[in-house]
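In what follows, a single structure is set out as structure tokens and then discussed.
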There are 2 protein chains.
Amino acid sequence: MVSNATSASRHKTAAKPAGPGRPKDLGKRAAILDAAKRLFANEGFAGASMDEIAAEAGVSKLTVYSHFGDKEALFAAAVRAKCEEMLPDDLFQQELKGPLRSQLIAIASGFFALISSDEAISTHRMMIAPGNGDDPLRKLFWEAGPQRTHDALGAFLQARVQAGELDIADTSRATQQFFALIKGEMHSRMICGLYTKPLRGDVNAHIEATVDMFLRAYAPR
Amino acid sequence: MVSNATSASRHKTAAKPAGPGRPKDLGKRAAILDAAKRLFANEGFAGASMDEIAAEAGVSKLTVYSHFGDKEALFAAAVRAKCEEMLPDDLFQQELKGPLRSQLIAIASGFFALISSDEAISTHRMMIAPGNGDDPLRKLFWEAGPQRTHDALGAFLQARVQAGELDIADTSRATQQFFALIKGEMHSRMICGLYTKPLRGDVNAHIEATVDMFLRAYAPR
DNA sequence: GTCTATATAGCGATAGAC
DNA sequence: GTCTATCGCTATATAGAC
């Protein structure tokens with residue numbers, strides 16, 4: 001009689017294939033996660049309240065607590081979800097033909113668009129904010145974002161070096177330089193919230209000038 | 001008899017030159033501002049409480065409220081104080097002799113040290129955090145920090161171009177590129193809180209490689 | 001002018017009804 | 001499994017004593 005209810009309740013979820021064990025969760029869970037991602041990004045960890053999140057998701061607060069344990073767990077889940085969805089990573093899968101300059105401009109344009117979206121800016125701010133998120137979470141964010149794009153461009157540049165189209169001694173350093181240049185002052189201003197809307201013409205001019213500068217430094221003599 | 005105490009008490013502060021009108025304020029006010037700068041930077045606007053600030057400053061909470069109106073005003077004052085003190089700006093006042101490469105390395109080293117200090121990183125995080133600070137405050141921060149260093153380096157590069165030591169079409173853009181390169185991935189990692197302690201050797205290698213890359217792109221042929 | 005003690009409000013987390 | 005109502009705690013801001 002003292003019993004273990006765990007083994008008794010297990011057979012309920014034994015038939016796993018989309019069984020009606022708890023089919024209603026997913027919609028609400030997704031709505032909660034969505035609201036959490038938006039509110040945490042816009043108001044920070046301390047700024048966003050569980051009441052707001054529950055109201056925004058259209059559920060009650062206890063539903064939030066039943067799906068995720070507490071506020072920190074919800075924050076971690078929101079960050080993880082953001083990291084996963086923020087990886088199109090087809091930056092380098094696209095058709096890369098034509099002269100090297102055009103290819104680099106295409107890569108740079110994709111990268112800049114990726115980091116310039118309101119979503120990316122908000123996420124970046126949220127991760128950076130003091131007190132928001134612990135160390136493993138920050139590491140996760142870094143590996144999901146900057147690390148992957150870095151590796152992809154590194155491989156691209158390495159191939160071009162071996163093809164004799166570029167003269168780069170340290171490919172990893174050149175990769176960092178390329179991304180730093182593309183981000184540039186515009187990204188800093190956006191992160192700082194000075195202007196959220198850079199003109200499209202300015203962006204194109206910035207990208208072309210940056211690629212040209214990069215090529216002047218690393219073109220074979 | 002009904003009186004107006006205001007006019008009666010005014011003659012107390014009439015002798016303004018450091019008169020004993022309220023000489024004890026300044027020490028406490030400075031202590032409060034100092035504590036506010038530190039705590040806001042480390043824990044964010046919502047994270048830092050007025051109790052913590054008062055305790056850290058060694059005064060009571062009401063003293064804080066008597067000096068600064070409310071929490072937002074104290075935050076704004078802390079940011080303004082940070083902006084003012086974070087301007088050594090003798091980055092370019094120093095002895096700049098020798099070859100151009102050495103001068104650029106000196107400038108880059110000073111700039112990197114400026115933005116790498118724990119203080120600068122904390123302030124940067126505080127300003128960027130979502131919800132912290134309003135727009136005029138962010139503008140103030142930008143003009144006190146990035147804007148001034150940008151202008152200083154821009155003038156330096158412009159002079160070198162006219163001296164025939166550099167071949168730069170757009171000096172302003174080159175200035176942005178230089179700072180973006182120097183910040184580089186290291187600064188992003190520090191802002192993200194991944195490692196707070198970059199090795200000194202790595203920093204020097206990074207700076208020298210960056211200056212060399214910059215010079216390869218902009219050296220006269 | 002400064003401190004101790006308190007009013008008021010909001011948030012995170014939970015108990016009980018359905 | 002979900003909702004309404006509530007507890008416990010903390011933080012901002014203030015009232016009264018010295």
Side-chain angles (χ1 to χ4, degrees), chain A residues 5-6 8-10 12-13 18-33 35-36 39-40 42-78 129-134, chain B residues 5-6 8-13 16 18-33 35-36 39-40 42-78 130-133:
Chain A
T6 45
S9 64
R10 193 182 313 166
K12 272 192 76 171
T13 58
R22 33 189 180 190
K24 280 179 288 189
D25 297 359
L26 302 180
K28 298 202 171 180
R29 184 185 173 92
I32 294 169
L33 249 177
L39 287 172
F40 279 137
N42 289 336
E43 310 181 28
F45 179 77
S49 71
M50 297 294 263
D51 291 278
E52 280 179 312
I53 294 172
E56 184 83 5
V59 300
S60 188
K61 203 164 43 163
L62 192 134
T63 306
V64 177
Y65 278 94
S66 73
H67 281 271
F68 310 87
D70 59 351
K71 196 182 185 183
E72 288 192 10
L74 178 57
F75 181 77
N132 293 11
D134 48 1
Chain B
T6 47
S9 67
R10 191 183 314 163
H11 73 286
K12 274 193 74 171
T13 59
K16 235 189 309 177
R22 34 188 180 191
K24 280 179 287 189
D25 297 0
L26 301 181
K28 299 205 172 180
R29 183 187 173 92
I32 294 169
L33 249 177
L39 286 171
F40 278 137
N42 289 335
E43 310 182 27
F45 178 77
S49 71
M50 297 295 265
D51 291 275
E52 281 178 311
I53 294 172
E56 183 85 4
V59 301
S60 186
K61 204 164 38 165
L62 192 133
T63 306
V64 177
Y65 278 96
S66 72
H67 280 272
F68 310 88
D70 59 353
K71 197 182 186 183
E72 287 193 12
L74 178 58
F75 181 78
N132 293 12

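Note on naming: letters A, B, ... go to the chains in the order of the sequence lines (proteins, then strands), and numbering restarts at 1 for each one.
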Kindly say if [X] contacts the phosphate of [N], meaning a side-chain N or O under 4.0 Å from OP1 or OP2.
X: A:T63; N: D:dC3; answer: yes
X: A:K61; N: C:dA15; answer: no
X: B:H67; N: C:dG1; answer: no

State which of [options] makes the closest approach to the side chain of [X].
X: B:V59; options: D:dT12, C:dT2, C:dC3; value: C:dC3
X: A:L62; options: C:dC3, C:dT14, D:dT14; value: C:dT14
X: B:Y65; options: D:dA13, C:dT2, C:dT14; value: D:dA13

Write down the distance between [atom1] ([X]) and [atom2] ([N]), rounded to a whole number of angstrom.
X: B:L39; N: D:dA11; atom1: CG; atom2: C1'; result: 15 Å
X: A:L74; N: C:dC11; atom1: CG; atom2: C1'; result: 15 Å
X: B:F40; N: D:dA11; atom1: CZ; atom2: P; result: 13 Å
X: B:R29; N: C:dT2; atom1: CZ; atom2: P; result: 12 Å
X: A:D51; N: D:dT6; atom1: CG; atom2: P; result: 15 Å
X: B:K71; N: C:dG10; atom1: NZ; atom2: C1'; result: 13 Å
X: B:E43; N: D:dA11; atom1: CD; atom2: P; result: 10 Å
X: A:E72; N: C:dG12; atom1: CD; atom2: P; result: 12 Å

For [X] and [Y], work out which heavy atoms get closest and say how close.
X: A:E52; Y: A:G47; answer: OE1-O, 3.7 Å
X: A:A129; Y: B:P130; answer: CB-CD, 4.0 Å
X: A:I53; Y: A:I32; answer: CG2-O, 4.2 Å
X: A:A48; Y: A:L39; answer: CB-O, 3.8 Å

When all nucleic acid strands are considered with a 4.0 Å heavy-atom cut-off, which category describes [X]: base, sugar-phosphate, or nothing?
X: B:A48; answer: sugar-phosphate
X: A:D70; answer: sugar-phosphate
X: A:S60; answer: base

request  = Over 60° means perpendicular and under 30° means parallel, so classify the ring planes of B:F75 and B:F45, tilted if in between.
outcome  = perpendicular
